[in-house]
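Here is the structure we will look at, set down as structure tokens.
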Amino acid sequence: MSHVRLRFAPSPTGYLHIGGARTALFNWLLARKLGGTFILRIEDTDVARSTQESVDAILQGMEWLGLDWDEGPFYQSDNFPLYKEHVEKLLAEGKAYKCYCSAEELEAKREKALAEGRKPKYDGTCRSLTADIPGRPYVVRFKAPHEGVTAFHDLIKGPISFNNEELDDLIIQRTDGTPTYNFVVVVDDASMGITTVIRGDDHINNTPRQILLYEAMGCPVPQFAHVPMILGADKTRLSKRHGATSVMAYRDMGFLPEAMINYLVRLGWSHGDEEIFSKEELVEKFTIEAVGKSAGVFNPDKLLWLNAHYIKSGDPARLAGLLLPFLAERGVDPAVGGPELAAVVKTLQERAKTMLELADGAVFYYTPEPVFDEEAVAKHVKPETAGYLSRLADVLAAAADFRHDPIEGVFKEVCAELGIKMGQIGPAVRIALCGGTVSPSIYEVMEVLGKEETCRRLTRAVARFTV
RNA sequence: GGUCCCAUCGUCUAGCGGUUAGGACACCGGCCUUUCACGUCGGUAACAGGGGUUCAAGUCCCCUUGGGAUCACCA
């Protein structure tokens with residue numbers, strides 16, 4: 001089995017979006033599964049639209065998702081001499097020619113063709129020119145065959161074929177001497193020894209002309225795998241109007257990279273009835289043949305469910321680390337004081353769907369003087385409540401073992417002693433400790449807060465609840 | 001419009017000639033519960049339409065319809 005070489009080749013004209021991330025993931029997975037090489041290449045031949053910020057954003061996205069590459073990043077802008085060389089060679093071999101038609105002329109012809117209901121296609125005016133016209137600007141066109149069929153077997157879509165008469169002589173070098181996309185892709189993929197090209201299926205129509213280019217240059221044609229597009233809820237191509245499309249925006253919204261990976265891979269790929277996959281499992285189970293042929297709708301709800309799953313089952317210490325920046329945004333720094341963050345996380349994991357919710361839920365632990373939810377106070381604090389809390393604080397203060405189960409025991413004892421039910425004191429305790437009526441189990445909260453802090457908050461509340 | 005691709009619950013999908021068409025998200029109920037959740041049990045819900053091939057079609061073939069992509073000196 002020969003060594004596979006794959007690549008992800010984004011153009012740096014924006015951030016790493018959902019669709020690009022999935023393409024990168026499929027490339028990465030196949031490379032890792034087959035023990036091949038994964039290459040990152042930045043397609044920046046359009047100097048005007050490419051920016052360093054975009055390059056940085058893409059690399060950041062790749063790193064966040066944990067998609068590491070073995071070679072690169074390579075920049076096409078560094079390879080201009082190589083492309084030039086290949087253009088000259090095709091020219092010398094008569095496989096390409098100089099075209100002196102101006103952009104304006106071409107545009108006029110295109111309009112005319114469209115108006116007459118014909119296919120807008122280069123008419124070959126300069127195809128048979130025998131001599132150069134010195135001093136006039138020109139582009140270089142590839143001399144494509146007019147007859148025959150160009151076919152390939154797509155690893156995802158199956159057999160696909162085009163009649164060559166549909167193809168026209170594409171421009172491979174612009175008037176300013178820079179090469180165009182369809183040409184550089186082929187030169188790069190050939191020179192980098194790419195064996196399998198996995199890319200979006202919006203490139204299917206480019207494939208036949210690229211194959212012709214490979215053949216003209218005498219290079220082996222790689223295998224192609226065109227992955228379906230990702231759609232928005234209205235079944236049109238996913239775009240900003242459907243919400244966030246940048247993967248980093250999802251990090252900022254409190255999503256975990258493993259949830260994003262798991263969601264992305266299941267959008268268009270499946271392995272029986274399984275839903276949850278770790279990266280390691282994916283590397284083992286992924287096959288490009290199992291990728292579906294049809295476009296899929298991006299479903300934020302399912303992503304959210306997966307995120308909740310990974311938060312629920314995640315390692316508290318790791319989550320605590322990831323939580324720090326979100327807490328900082330809320331003015332909380334666990335390093336300054338308060339309970340251990342991992343312990344706090346443990347009490348919140350099963351009720352948070354995002355890191356944002358986790359952070360919101362953690363704030364009260366680090367707020368010595370919680371602001372009481374007045375509505376909750378009005379509803380749950382009765383004239384006798386302060387007395388109950390006072391008694392509870394006293395008994396708790398004497399507890400030898402301040403952990404969940406013993407605390408629960410103390411609670412029951414106090415209730416029995418006072419002749420009340422849990423419902424008559426629970427909500428008030430929750431308000432005293434957390435400020436509101438929504439929180440983890442109060443026994444857990446007490447254990448994490450510790451005896452001293454618990455009693456202090458209880459006593460503080462007694463003062464506030466006494467009228 | 002030409003060319004190309006696609007088509008199972010609302011969504012992601014399983015299915016690779018014979019199934020009560022399965023799972024997941026979402027949704028709706030029950031249970032659990034001092035809150036919110038989690039968990040758990042159950043429910044609603046699909047083979048786009050029409051022709052073939054076959055003893056038998058969601059599965060194979062053709063047509064129709066619908067959706068998408070692409071037709072640049074962008075990538």
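Residue numbering restarts at 1 for every chain, and letters A, B, ... go by the order of the sequence lines.
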Ring pair (Phe, Tyr, Trp, His ring centres under 6.0 Å) involving Tyr181(A) - partner list, sequence neighbours excluded: His203(A)
Both distances below 3.5 Å, Watson-Crick or wobble geometry, any strand: find the nucleotide opposite G29(B). C41(B)
If the sugar-phosphate is the primed atoms plus P, OP1 and OP2 and the base is the rest, what is the B/S/- string for nucleotides 24-29 of chain B, using protein heavy atoms under 4.0 Å? BSS---
Considering only heavy atoms and no angle criterion, is a donor-acceptor pair shorter than 3.5 Å present between the side chain of Arg351(A) and the base of C38(B)? no
Distance-only check: which donor-acceptor pairs under 3.5 Å involve side-chain atoms of residues 372-380 of chain A, not counting sequence neighbours?
unit_1, atom_1, unit_2, atom_2, d
Asp373(A), OD1, Glu375(A), N, 3.0
Asp373(A), OD1, Ala376(A), N, 3.3

Check whether any side-chain N or O of Lys312(A) sits under 4.0 Å from OP1 or OP2 of G39(B), and answer yes or no. yes
Would a 4.5 Å heavy-atom cut-off, applied to side chains only, mark Asp154(A) and Phe152(A) as touching? yes
Using the test side-chain hydrogen bond (donor to acceptor under 3.5 Å, both in side chains), find all partners of Asn205(A) that sit at least two apart in sequence or belong to another chain. none
Partners meeting salt bridge (Lys or Arg N to Asp or Glu O under 4.0 Å) with Lys421(A) (sequence neighbours left out): none
Polar pairs (N or O, both sides) under 3.5 Å between protein and nucleotides 41-50 of chain B?
none

Looking only at side-chain N and O atoms, does Thr180(A) come under 4.0 Å of OP1 or OP2 in A75(B)? no
I'd like a list of close polar pairs between nucleotides 15-18 of chain B and the protein, N/O only, cut-off under 3.5 Å.
none

Quick one: which protein N/O atoms are closer than 3.5 Å to N/O atoms of nucleotides 67-72 of chain B? Pair and distance per line, please.
unit_1, atom_1, unit_2, atom_2, d
U70(B), OP1, Arg237(A), NH1, 3.3
U70(B), O4', Asn205(A), ND2, 3.3
A72(B), OP2, Arg110(A), NH1, 3.1

Salt bridge (charged side-chain N to carboxylate O under 4.0 Å, His left out) pairs touching residues 427-440 of chain A, sequence neighbours excluded, are none
Show which side-chain atoms of residues 354-361 of chain A pair as donor or acceptor with protein atoms under 3.5 Å away, not counting sequence neighbours.
unit_1, atom_1, unit_2, atom_2, d
Thr354(A), OG1, Leu356(A), N, 3.2
Thr354(A), OG1, Glu357(A), N, 3.1
Glu357(A), OE1, Lys353(A), N, 2.8
Asp360(A), OD1, Arg330(A), NE, 2.6
Asp360(A), OD1, Arg330(A), NH2, 3.2

Can you give me every donor-acceptor pair (side chain of residues 294-301 of chain A, partner residue at least two apart or in another chain, under 3.5 Å) with its distance?
unit_1, atom_1, unit_2, atom_2, d
Asn299(A), OD1, Asp301(A), N, 3.0
Asn299(A), OD1, Lys302(A), N, 3.4

Are Phe142(A) and Phe183(A) close enough that their ring centers fall under 6.0 Å? no
Of all of residues 133-145 of chain A, which get a heavy atom below 4.0 angstrom from RNA chain B, listed by number? Val139(A)
